[in-house]
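The figures that follow rest on heavy atoms only: side chains count, while hydrogens, waters and symmetry mates do not.
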Amino acid sequence: MYRVYRYRIAWVPLLGLAGSFLLALAAPPIHAQTAREIIDRVDRLLRGESSRGRVTMEITTEHWSRSLEMEVWSLGVDHSLVRVEAPAREAGTATLKAGQEVWNYLPRVDRTIKVPPSLMMGSWMGSHFTNDDLVKESRIVDDYDFEIAFEGEREGVDVWEFVLTPHPEAPVVWGRVEEQVRKADLMPTWIRYHDDDGKLVRTMTFSGYQTMGGRLVPATMLVIPADKPDELTSLTYHKLEFDIALDESFFSLRNLRSRR
Amino acid sequence: MSRDAIWWRVAWRSLWRNRLRTLITASGLAFGFLAAVIMVGLTDGMVTELVNNGTRLIIGQAQVHADDFLPERSMHRTIGGYDGTDVEALIARMESNPNVAAVAPRVYGGGLLSSGDETQAGLLMGIDPRREPEVTTLLLNVSAGRPPVAGANEILVGAAMADQLGLELGAEVVVVAPAVDGSMGNDLFTLVGTFETGTPALDANYAILALPDLQLLMALDEERIHEVAVAFVQASETALSSASLAETLSDGPPVRVSPWTELRPELAEMIALMDGANFLIVVIIFAMAIFGVANTMLLGTFERRHEFALVRALGTTPLGVWRTVVYEGIILGLMSLLGGALITWPILVWWHNFPPDLTSLISGFSMSGSQWRPILRVEYSLMAPLVSAIALFLTSILAALYPAWKATRIPPADALADR
């Protein structure tokens, strides 16, 4: 009776994106490297990068489905700001990630709320992303050991498959992460997240590889929870710009509240 | 039949030959009866208190949910599915069941409560402030302020949670909760009160809103509720009443009626244990009595050695002698029962209405998550007097068996010759 409700509240939107696009924004093919070097390289390439994009998030669950239009800004992996533009009922709702902190702005009550640590595993707007996707991705190289589990052809495409195992002390929720990356352009194709017991929790798949803002990116990302295969969240980029004029001061609480 | 009547008369007269001894024996049995009823009543009183505190605080004696609501407690599983049900009609139908004393509809949600820089997760409970007090004592635990009123965006939170959030009465609280349409419900509420139940899980995690306000926040139509808590007329007949209520509701949307014994199985187990202890108390009291009575009866039969020998010599069968003594036991039992009932009744009524309150001496304890206050109330029950009466009756008969057998073994010639 008194058990604490499992919050499906959801925050941090695309923040998952930080991680997903981590590999997407990568450099040209590299050869004969260790897994860690590859991912570290990608990670470093990301730092200092700024971006701005427009994205549609479509969520389908057992009970409802909905679509949100959003604008997203990011600076490196530590800063991002997401603002909902449609539907009108939720326009202005915004999320700010600054370092390890996540804030939300609720236009209806005109208040900002800092997401407490206990809700980091909650999802945003009922999507299948969690806050943790965001905050933890920025330390991917610090928290995991990397290993190339497979190198060769899968369905005619030359790929690497990595296994990411968290360090024993690392504050991460996953027991094991598997990731497939295309060798030719370093584009990710899928990421599988497993819990401590090795059970698959969710799968992310990437598609719609195209050049946006001068870079090759997967324009669509799909998240499917393993325990509810009929549910999914999809993210589709419509517009993406890189290396725009943004600095850390843009990612402020004041800016979180301001409507465009 | 008339031959039998003679033995009854003989038994009756023999009993009154030594009036004092018979009265003392009967008093012993009567007080045994009194002790058994009071002891069992005290345990029942404790059980009733534990059940009341374990259920009346928030659970109710039974709960009605959509049949797929438990155990996940998903906010989407409202009674009657997505379309919900006519809540007033559902309540009216439940109240039409004669076993139902009161019902209270509820809505549950999970969310964030935020004030200033502090934000905390909480369990949101939407209640009908008018009906809730008839089913649970939750609103009696309001330690400051008052319960929320519908339509005014008012909120009542646990005292520990109010401390955590640094809330004063009248403070503004932002409540954010996922709504059933997938959106993020959010609104400002005014803190009108805090409650303190002594149960940490409640005081630190629960926030109580008026039912329509929480429905609005969670984008639930007014037809959609998660739960109806029920108080039955007979708290001790929860299982039967639940089955009867399920019958009443069987023609409506698919629901499940869960008695508290299913909702709080650990409490139910403890009570089964205490019922077992009750039985043991009765057995011990009457086992002690049985030797006292047997002793008296044995004495009585030895005194009448001559008479038994005489009636045997005049042609009475051993069975006739045996019957006299056993009938004596039966008459003694009936008299004790009557006397026992006469002394027990007023004491029971007095003890039930004016229970000794030991609150100032000892502080009570908590058992299976339920509070017990040291107030020694004796609870009325049908079982305790009935079981004690049967035990008393059996005692007096069993106690007579051995003396009766002894009486049949008296050799007439030797006894008459005083050998």
Side-chain angles (χ1 to χ4, degrees), chain A residues 1-13 57-68 84 86-95 101-128 131 227-228 231 233 253, chain B residues 54-55 57-59 63 70-78 81-82 108-125 153 164 172-189 197 199-206 217 219 260 263-264 369:
Chain A
M1 180 68 213
Y2 305 140
R3 90 198 157 106
V4 176
Y5 185 87
R6 264 191 70 203
Y7 301 88
R8 294 209 68 210
I9 311 197
W11 289 119
V12 194
M57 179 161 76
E58 283 175 351
I59 312 162
T60 305
T61 73
E62 187 188 348
H63 302 284
W64 48 266
S65 55
R66 63 202 301 252
S67 176
L68 294 165
V84 176
R89 184 171 128 89
E90 279 159 274
T93 304
T95 301
E101 292 187 353
V102 179
W103 297 79
N104 286 277
Y105 173 66
L106 306 164
R108 182 180 148 80
V109 296
D110 191 25
R111 293 289 185 282
T112 50
I113 290 182
K114 186 183 166 188
V115 177
S118 57
L119 286 187
M120 276 303 179
M121 283 314 290
S123 61
W124 184 69
M125 289 277 177
S127 78
H128 299 91
N131 293 335
D227 59 339
K228 291 174 185 162
E231 299 197 352
T233 297
L253 286 179
Chain B
T55 62
L57 178 59
I58 193 162
I59 292 179
Q63 293 179 350
L70 295 175
E72 282 92 8
R73 306 182 71 87
S74 157
M75 65 174 170
H76 300 285
R77 310 288 186 196
T78 46
Y82 292 145
Y108 290 102
L112 285 182
L113 288 92
S114 177
S115 179
D117 290 341
E118 297 293 331
T119 300
Q120 206 197 324
L123 203 145
L124 309 174
M125 182 177 176
N153 267 20
Q164 192 89 36
E172 171 191 85
V173 187
V174 182
V175 181
V176 188
V180 289
D181 61 358
S183 68
M184 197 56 51
N186 60 88
D187 213 340
L188 283 177
F189 287 80
T197 61
T199 306
L202 291 179
D203 295 347
N205 294 314
Y206 271 60
L217 186 70
W260 66 265
L263 301 163
R264 297 286 308 275

Participant: Do A/Arg111 and B/Glu172 have side-chain heavy atoms sitting under 4.5 Å apart?
Facilitator: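 Side-chain contact under 4.5 Å: yes.
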Participant: Minimum heavy-atom separation for B/Ser183 and A/Arg89, please, with both atom names.
Facilitator: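 Answer, listing the atom of B/Ser183 first, then A/Arg89: OG-NH2, 2.8 Å.
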Participant: Rounded to the nearest 0.5 Å, what separation is found between the CG atom of B/Asn186 and the CD atom of A/Glu90?
Facilitator: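 Taking CG in B/Asn186 and CD in A/Glu90, the distance rounds to 8.5 Å.
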Participant: Checking heavy atoms, do the side chain of B/Ser114, its backbone, both or neither come under 4.5 Å from chain A?
Facilitator: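 It is the side chain, since no backbone atom gets that close.
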Participant: Can you tell me how far the CZ atom of A/Arg108 sits from the CG atom of B/Asp187, to the nearest 0.5 Å?
Facilitator: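 Answer for the CZ-CG pair, A/Arg108 versus B/Asp187, is 4.0 Å.
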Participant: Is the count of non-hydrogen atoms from other residues, nucleotides or ligands lying under 6.0 Å from B/Asp117 atom CG greater than 12?
Facilitator: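 Open.
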Participant: Using 30° and 60° as the class limits, which term best fits the ring planes of B/Tyr82 and A/His63: parallel, tilted or perpendicular?
Facilitator: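 Aromatic pair B/Tyr82/A/His63 classed perpendicular.
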